There are 2 protein chains.
Amino acid sequence: MTEQHFTLPLFTVDNVMFAIDNAKLNVLLVKRAAEPYNNYWSLPGGVVDVTLDKDVEACAMRKLQQKTGLTPAYLEQLEVFSGPDRDPRGYSISLAFFALLPYTPVSSNINSVSHVSWWPLDQLHQLTLAFDHQHIIHHAHQRLQQKALYSMLPVFCLPSTFTVGQLKTVIETILGKEIQRKSLMRRIEASNMFTLTEQKQHSGGRQAQLYQLKPGVNITHFNRNMGA
Amino acid sequence: MTEQHFTLPLFTVDNVMFAIDNAKLNVLLVKRAAEPYNNYWSLPGGVVDVTLDKDVEACAMRKLQQKTGLTPAYLEQLEVFSGPDRDPRGYSISLAFFALLPYTPVSSNINSVSHVSWWPLDQLHQLTLAFDHQHIIHHAHQRLQQKALYSMLPVFCLPSTFTVGQLKTVIETILGKEIQRKSLMRRIEASNMFTLTEQKQHSGGRQAQLYQLKPGVNITHFNRNMGA
DNA sequence: AGATTTAGTGTCCCAACGACACTTATAGTA
DNA sequence: TACTATAAGTGTCGTTGGGACACTAAATCT
């Protein structure tokens, strides 16, 4: 492995992918298999390949696919983190992405990475992550909480059809506090983003209405405050 | 594992700096003095100097200072624009910043750039800008309008002490529509971000109360919808 | 002194939402 | 079959923020 010395800063992409499992918010991490931070858990990311990636979003998607086998349901730019000290190899610039997905177990037999794993967010402080990835995750989490208050983003943590109860649980998990079911239904109604389907049962209760995203709806354009 | 050889994309920083003059929203542009797009108007920006810039924000500030002589009152990351076609020299990645400043005339005798000038936003469509800068400005404008609705950001287009009337004019210029003075005063009150000072007159009317940002207030953390 | 102009207030109404009690539908179990 | 637990969904009150707009206040101009 050749040690590279940059006169130009190194530009990389990192992904903070969230999913909800077992009523907990999880982040997808990969164990590094190279120096620096060999064997440390880190965010899945990498370097842009100008022959493969039509833009940085495509790069982020490709890296996620390649390193974790998963494809996010939602992806957006979070923020650029930069400086001379965040990578021991020298000045580096990283564009962090923020991604959501319905929880999917990961198989860790992906090439080039020894391990892939979902980690509950509330256990991350026990780990020492590579680079400033702990810091990046913290920012991503804050963004997720912000957006959960005033947008419908959390639906990307659910399958394509879902019930109000499921969405309520997801939002509560993200926010770490309870919300009013009534308020959520009003939001769903007012957003005009969803259609109904048949029915579906749940653990010992009345059957819940299934909702579904209307095709071609831009979910990021709904503004309403909740529990602020 | 084999170390792959990548053609590294060019990473640059571009600044969309807004100011209000003559009841119009203006963008600061510089005339390029090199290929490609020689003599085209463009956003002031450049490449990171790892010896000078402690991070990308510092780079953005330095480039603005160096190319235009102005220092923004507010600066935040906008978005990363990337792809193989936005720069004829090849694959490029640009982090765009979004900046605000009380209007200040520019002197165009800055080294390395032939001209610097404020351009009214509503005249930009008459120009052909370098690269995808028109596109970037469009995004920045949308962001500015969004934030003008639910934050106090527009105060950065005013001197450190200002009147409600001035702020009203600034917001109306940004949004392109009138807002209620009463509503604005309620927002100022509710935000708890400002203190009062003495008085000041205006063209043929009652003297207006001068407001001032409280020290150490993070202006980005006020959420309230206006005119949405 | 009166007109004009801008600053600031008082008040009505409506929309959004938290809170919470109430009704409805389903599964489990006696 | 009835009773109970549980989750889904509704009705409604009260609060809050903000649009609309008329009103008062203070300054300049003629």
Side-chain angles (χ1 to χ4, degrees), chain A residues 23 146-152 154-155 158 161-173 175-212 221-228, chain B residues 23 146-152 154-155 158 161-173 175-212 221-228:
Chain A
Q146 270 302 110
K147 293 220 167 184
L149 284 176
Y150 63 80
S151 83
M152 286 293 183
V155 296
L158 291 170
T161 82
F162 60 90
T163 69
V164 176
Q166 293 173 324
L167 183 54
K168 176 168 180 281
T169 304
V170 166
I171 295 176
E172 288 176 341
T173 303
L175 296 181
K177 71 168 187 185
E178 297 211 336
I179 61 169
Q180 295 280 329
R181 193 173 58 246
K182 178 75 185 194
S183 300
L184 178 55
M185 297 193 71
R186 278 191 290 229
R187 287 165 63 79
I188 291 174
E189 168 77 20
S191 75
N192 203 29
M193 289 172 167
F194 305 96
T195 50
L196 300 81
T197 33
E198 346 82 71
Q199 302 262 338
K200 172 191 170 188
Q201 70 173 7
H202 220 55
S203 62
R206 177 175 169 175
Q207 292 187 334
Q209 181 61 245
L210 276 174
Y211 290 82
Q212 187 170 10
H221 286 162
F222 175 61
N223 272 3
R224 200 73 69 84
N225 287 323
M226 165 162 284
Chain B
Q146 271 299 110
K147 294 221 168 186
L149 284 177
Y150 63 81
S151 83
M152 286 294 182
V155 297
L158 291 170
T161 82
F162 60 91
T163 70
V164 176
Q166 292 174 323
L167 183 54
K168 176 168 180 282
T169 305
V170 166
I171 295 176
E172 287 176 342
T173 303
L175 295 181
K177 72 169 187 185
E178 297 212 335
I179 61 170
Q180 295 280 331
R181 192 173 60 246
K182 178 76 184 192
S183 301
L184 178 55
M185 298 193 70
R186 278 191 288 228
R187 288 165 62 78
I188 292 175
E189 167 78 20
S191 76
N192 203 29
M193 289 173 167
F194 306 95
T195 49
L196 299 82
T197 34
E198 345 81 73
Q199 300 264 337
K200 172 192 170 188
Q201 71 173 6
H202 220 56
S203 61
R206 175 175 169 178
Q207 293 187 334
Q209 181 61 245
L210 276 173
Y211 289 82
Q212 187 171 8
H221 287 163
F222 176 60
N223 272 5
R224 202 71 70 85
N225 287 324
M226 165 161 284

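Computed from a predicted structure; not experimentally measured. Below, chains carry the letters A, B, ... as their sequence lines are ordered, and counting in each starts from 1.
If you measure from atom CD1 of B:I188 to atom P of C:dA7, you get 12 Å, rounded to the nearest angstrom. We find that CD of A:E189 is positioned 9 Å from P of D:dT10, with the value rounded to whole Å. Taking atom NZ of B:K200 as the reference point, atom C1' of D:dA26 lies 17 Å away to the nearest angstrom. For the pair B:Q209 CD and C:dA7 P, the computed distance is 12 Å after rounding to whole Å. A:L210 has its CG atom 12 Å from the C1' atom of D:dA8, to the nearest Å. In this structure, B:I171 atom CD1 and D:dG19 atom P are separated by 11 Å, rounded to whole Å. Following rounding to the nearest Å, A:R187 (CZ) and C:dG18 (C1') show an atom-to-atom distance of 13 Å. As rounded to whole Å, 13 Å separates atom C1' of C:dA7 from atom CD of B:Q166.
Residues meeting the side-chain hydrogen bond (donor to acceptor under 3.5 Å, both in side chains) test with A:E172, sequence neighbours left out: A:K168. Under the ring-ring contact (aromatic ring centres under 6.0 Å, His included) criterion, B:Y211 pairs with no residue, sequence neighbours left out.
Closest to the A:K182 side chain, of the nucleotides D:dT12, C:dG8, D:dA20, is D:dT12. Nearest to the side-chain atoms of A:V164 among the listed nucleotides D:dG9, C:dG18, C:dA7 stands D:dG9. Each of D:dT12, D:dA20, D:dG9 was ranked by its minimum atom distance to the side chain of A:R186; first place goes to D:dT12.
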* Asked: Going 5' to 3' along nucleotides 22-30 of chain C, which nucleotides have protein heavy atoms under 4.0 Å from the base (write B), which only from the sugar-phosphate (write S), and which from neither (write -)?
  -> --BBBS---
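Atom OG1 of residue A:T169 and atom CD of residue A:E178 lie 9.5 Å apart, to the nearest 0.5 angstrom. For the atom pair CE of B:M193 and OG of B:S151, the computed distance is 8.0 Å after rounding to the nearest 0.5 Å.
The nearest pair of heavy atoms linking B:L167 to B:I188 is CD2-CD1, 4.1 Å. The nearest pair of heavy atoms linking A:Q212 to A:T161 is CD-CG2, 4.2 Å. The nearest pair of heavy atoms linking B:T197 to B:Q209 is O-OE1, 3.1 Å.
Side-chain nitrogen and oxygen atoms of B:Q180 include none within less than 4.0 Å of the OP1 or OP2 phosphate oxygen of D:dG19.
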